[in-house]
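Below: one structure, written as structure tokens.
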Amino acid sequence: MQQDADVIVVGAGFAGMYMLHRARQLGFRAVVIETGSEVGGTWYWNRYPGARCDVQSMSYSYSFSDDLQQEWVWPDRYATQPDILRYAKHVADRFDLRRDIRFNTRVTAARFDQAQNVWQIETDAGGLFVAPFLIMATGCLSVPKVPDVPGIKNFRGRVLHTANWPQEGVDFSGQGVGILGTGSSGIQAIPHIAQQARHLTVFQRTPNFSIPAWNGPISPQTQADLKGRYSELRYKSRNSYAGDYADEYVVSILDLSPQEREVQFEKRWQEGGFNYQYAFADVMENAQANELAAEFVRNKIRGIVRDSKTAEMLCPKGHPFGAKRLCVDTGYYETYNRPNVALVDIRADPIQDMTAGGLRTATSTYSFDTLVLATGFDAMTGALTRIDIRGRDGVLLRDRWQDGAKAYLGLAVAGFPNMFTINGPGSPSVLANMVLACEQHVEWIAALLAHSRENGIAVIEADSVAQEDWAREVTESADRTLYTRAASWYLGANVPGKPRVFMPYVEGFCVYSRTCDAVAASGYSGFHLASGG
Ligand code: N01
């Protein structure tokens with residue numbers, strides 16, 4: 001029987017790269033299949049102006065090799081997309097990964113052969129890859145969502161999506177630009193496009209909360225200090241809610257006096273970034289606490305944006321703070337003080353249709369040369385359901401998930417033996433530092449593969465009852481928070497027809513990884529492990 005590898009990994013982002021390395025370390029033959037022409041995953045595709053990580057560089061990087069983390073120099077507190085891509089390429093070179101990555105190849109179908117206990121994987125390059133194990137490292141945010149804007153075909157200008165940005169870059173000089181979408185991508189791109197374009201019109205459907213990054217270079221002293229404490233910081237990250245070493249859960253908002261609250265909010269605002277959310281124990285649990293944190297941010301917006309009508313349009317009021325993913329920006333709100341930037345509220349005045357030279361709302365017409373779509377992703381499941389993945393008895397994963405995605409620990413799906421999903425639905429994934437989340441999943445899966453080899457196990461499958469129990473735990477945990485009170489992509493609400501199931505596990509990275517460790521220590525409870533005979 002043809003067998004190309006022990007493990008086929010789909011995707012050469014941070015998850016797939018490390019999976020390849022770890023599998024090799026354990027003596028498995030692994031092959032990675034990647035659509036792009038380079039490693040880097042999300043950082044390969046998302047090249048829009050201003051693209052930058054909003055977890056700090058020293059934290060958003062691999063921890064598995066101390067030599068690697070000691071030798072790499074991050075220039076900025078928050079790394080730019082080109083720097084992260086440079087880092088991913090460096091990792092690929094340093095660990096000699098490329099020889100086992102098939103670039104420019106998209107997986108179109110995967111079928112589990114029950115007679116042989118192998119996966120057969122088809123690609124758009126033709127041919128078949130066969131291996132006992134299939135690991136989907138396809139990313140949580142890798143399928144761009146293109147909205148159905150009425151009459152978009154009429155538009156004669158250029159249409160760009162932030163998540164599929166031209167490799168050669170885009171020069172907006174002298175152009176009129178329209179942008180749809182004010183999530184993390186839009187909020188990062190808008191200040192950069194505004195600096196270059198003749199005019200920028202932001203079509204906003206929902207304002208989002210954004211906290212300043214206060215980005216800047218990392219001084220050599222700070223870098224040396226952090227590197228000297230790396231093992232302690234990584235330990236702290238692994239035992240934290242978000243997989244990061246910033247201080248968390250320092251205080252409950254409602255325990256503070258009004259004066260103390262202002263001091264704490266201001267302190268976190270001045271620190272910048274995600275800790276404005278994670279430093280407060282009750283911000284995602286209690287609506288009153290959440291509203292206090294929200295109003296502080298709204299008042300900051302009112303203080304920054306000079307035109308009071310624009311400022312009010314930018315103040316999010318329809319959803320709890322943090323229930324849609326928090327954004328981290330550099331000069332976002334300040335951008336609305338520029339004379340060449342206009343904000344249009346398309347919830348109040350919806351788009352009617354696009355014209356050859358722009359678009360029409362119920363009350364006005366707008367002209368621009370280029371339309372930028374910063375409209376997000378079919379998150380967490382999109383990359384899995386677009387592939388024809390067939391498990392036992394030919395059942396399609398897409399059909400199995402038609403009422404909502406369920407995966408035991410977010411790692412494996414009942415009925416799909418020997419397939420693992422890195423950062424799959426039901427794992428903390430997007431609520432955590434993704435690089436550490438990738439490492440945790442990779443190490444756990446690799447240990448299970450090694451256990452199987454040592455024990456003559458040919459088939460590993462999640463138990464359907466364990467999967468149901470886990471899915472209930474994921475849903476009930478989310479329901480105890482304010483996360484479910486917004487129409488977010490966490491819930492699949494941004495994709496028409498997608499079932500509304502809260503997909504990430506909200507109890508935290510540390511709770512989750514301890515659960516995974518306990519499952520392994522118990523001999524992989526919740527999994528059926530069977531010999532091949
Ligand atoms: O996408 P989003 P994103 N008409 O879904 C609007 C990660 N990320 O690419 O809210 C008009 O958040 C939509 O409006 P609404 C991060 O996890 C990380 O910005 O649906 N508007 C919203 O404003 C992030 O959360 C970094 O009403 C339409 C926007 O488009 C995730 O990726 C950087 C529309 C989409 O926002 C996704 O962020 C960037 C329509 N038909 C992204 N359809 C880092 O820094 C959608 N919208 C690590």
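All ligand and atom numbering here is 1-based and tracks the order in the structure.
- Looking at Asp148 next to ligand 1, no N or O pair under 3.5 Å apart turns up.
- At distances below 3.5 Å, not a single donor-acceptor pair connects side-chain atoms of Glu439 with backbone N or O atoms of Tyr18.
- Among the atoms of Arg52, some N or O lies under 3.5 angstrom from an N or O of ligand 1.
- Interface of Thr182 with ligand 1, defined as ligand atoms under 4.0 Å from a residue heavy atom, comprises 22 (C), 23 (O), 29 (C).
- Donor-acceptor pairing under 3.5 Å is recorded for the side chains of Tyr44 and Gln167.
- Nearest protein neighbour of atom 5 (O) of ligand 1, counting heavy atoms only, is Trp489 CD1, 3.4 Å.
- A salt bridge (charged side-chain N to carboxylate O under 4.0 Å, His left out) with Asp378 is found for one member of Arg398, Lys498, Arg386 and no other, namely Lys498.
- Electrostatic pairing of Glu312 and Lys309 does not count as a salt bridge here, judged by no charged N lying under 4.0 Å from a carboxylate O.
- Residue contacts with ligand 1: Lys324 is placed with a nitrogen or oxygen under 3.5 Å of a nitrogen or oxygen of the ligand (distance criterion only).
- Between Glu291 and Arg298 there is a salt bridge, with a side-chain nitrogen of the basic residue lying less than 4.0 Å from a carboxylate oxygen of the acidic one.
- The shortest heavy-atom distance from Lys145 to ligand 1 is under 4.0 Å.
- For Arg480 and Glu507, the salt-bridge test passes: some basic side-chain N is under 4.0 Å from an acidic carboxylate O.
- Between atom 20 (O) of ligand 1 and the options Arg205, Gln188, Arg347, the minimum heavy-atom separation is to Arg205.
- Scanning all protein heavy atoms for the shortest distance to atom 33 (C) of ligand 1 gives Tyr48 OH, 3.3 Å.
- Scanning the protein for heavy atoms near atom 19 (O) of ligand 1, the closest one is Ser185 N, 2.8 Å.
- Between Val91 and Leu68, the shortest heavy-atom contact is CG2-CD2, 4.0 Å.
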Next on the checklist: Show, in sequence, the C-alpha distance, side-chain angles and deciding distance for Met136 and Ile389, and conclude whether the side-chain contact (heavy atoms from CB on, under 4.5 Å) test is met.
Outcome noted: CA-CA 11 Å; Met136 304 305 290; Ile389 301 177; 4.0 Å; yes

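- Protein heavy atom closest to atom 29 (C) of ligand 1, with residue, atom name and distance, is Ala374 O, 3.3 Å.
- The protein non-hydrogen atom at the shortest distance from atom 6 (C) of ligand 1 is Gly181 CA, 3.6 Å.
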